[in-house]
Amino acid sequence: MTAGALHRLIREARAEPAGPAEPPERCELCGEQVPEDHRHLLDTEAQTVLCVCRPCTLLFGRETEAEEGRYRLVPGRRVRLEPVPTDRLGIPVGLAFFVPQPDGSVLAHYPSPAGAARWEVDPQAWRTACELRPELRTMRAGVEALLVNTVRGQSQHWIVPLADCLRMVAVVRQEWRGLSGGSRIWPAIEQFFGELTEQR
């Protein structure tokens, strides 16, 4: 995802108006201008998420489990879950996301001022979580994630597009101040989660 795309994601999460000098966002494959509600593709070789126009979505995105090739369409669904017991998944903080991989492993990430830290989840711990919340088995590898926020008494557990997780990481990087995050970070995170809506 380009710097311009990350800036847009930050702006959306904070409900900021676009600046007058900001150029229109363009498809990162063909260069055509894209609408605000455009889709995203995962570039599996570069491990980046690309903003794409509708024609490129149709060309490169196939919403099937068996899809192969370099580009994979990032789904648009968001599903709020009952609390997922994540204490056994090795989360050192209350804000994290978990991305199943095509090889069956699961990578956990938590945002920080320097980006997202990452580690591999214990396979048995993930299987246990899936037994308690079977919806987790429906996530598409590499492009959907379990997003969790238990900071400050919150209980937010969502299946979301990978792009939503990158947007949250961008917000943390934008708002974090000092060693503890400062006064702006937690209201920004609460706003981010408050604006998530179910979409199936």
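Heavy atoms only: backbone and side chains are in, while hydrogens, waters and symmetry mates are out. As the structure is a prediction and not an experimental result, all values here were calculated from the model.
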Under a 4.5 Å side-chain heavy-atom rule over Ile, Leu, Val, Met, Phe, Trp and Tyr, are [X] and [Y] clustered together?
{"X": "L132", "Y": "L146", "result": "no"}
{"X": "W186", "Y": "F193", "result": "yes"}
{"X": "V49", "Y": "L196", "result": "yes"}
{"X": "V169", "Y": "V151", "result": "yes"}
{"X": "V99", "Y": "V143", "result": "yes"}

Exercise. Once you round to the nearest 0.5 Å, how far does CG of L166 lie from NE2 of H40?
Worked result: 8.5 Å

Does the side chain of [X] reach to within under 4.5 Å of the side chain of [Y], using non-hydrogen atoms?
{"X": "E198", "Y": "V79", "result": "yes"}
{"X": "T138", "Y": "R77", "result": "yes"}
{"X": "C30", "Y": "P55", "result": "no"}
{"X": "P161", "Y": "E144", "result": "no"}

Testing the basics here: between [X] and [Y], what is the closest heavy-atom pair and its distance to 0.1 Å?
{"X": "Q174", "Y": "R177", "result": "O-NH1, 2.8 Å"}
{"X": "R72", "Y": "A141", "result": "NH1-O, 2.5 Å"}
{"X": "V160", "Y": "R78", "result": "CG1-CG, 4.3 Å"}
{"X": "A108", "Y": "V121", "result": "CB-CG2, 3.6 Å"}
{"X": "I159", "Y": "L81", "result": "CG1-CD1, 3.9 Å"}
{"X": "V171", "Y": "A188", "result": "CG1-CB, 3.9 Å"}

Exercise. Does anything in residues 105-133 pair up under salt bridge (Lys or Arg N to Asp or Glu O under 4.0 Å), and if so which pairs, sequence neighbours excluded?
Worked result: none

For this session: Would you please name every residue forming a side chain to side chain donor-acceptor pair (under 3.5 Å) with D43, sequence neighbours left out?
Result: R70

Exercise. What residues, two or more places apart in sequence or in another chain, satisfy side chain to side chain donor-acceptor pair (under 3.5 Å) together with S155?
Worked result: none

Any donor-acceptor pair under 3.5 Å linking the side chain of [X] with the backbone of [Y]?
{"X": "E175", "Y": "V172", "result": "no"}
{"X": "W176", "Y": "G178", "result": "yes"}
{"X": "E25", "Y": "V34", "result": "no"}

Exercise. Under the side chain to side chain donor-acceptor pair (under 3.5 Å) rule, what pairs show up with a residue in residues 100-110, not counting sequence neighbours?
Worked result: D103-S105

For this session: Just do the side chain to side chain contact (heavy atoms under 4.5 Å, CB included) check on Y71 and L29 with the steps written out, would you?
Result: CA-CA 11 Å; Y71 299 107; L29 291 179; 3.6 Å; yes

Exercise. Can you name the residues that form a side chain to side chain contact (heavy atoms under 4.5 Å, CB included) with Q33, not counting sequence neighbours?
Worked result: P24, R26

Please output the side-chain donor-acceptor pairs of residues 88-98 that fall under 3.5 Å, not counting sequence neighbours, one pair per line with the distance.
none

Problem set entry | Flag if over 12 foreign heavy atoms under 6.0 Å of CZ, R54 | no

Problem set entry | Stepwise side chain to side chain contact (heavy atoms under 4.5 Å, CB included) test for L73 and V52 | CA-CA 10 Å; L73 185 65; V52 290; 5.5 Å; no

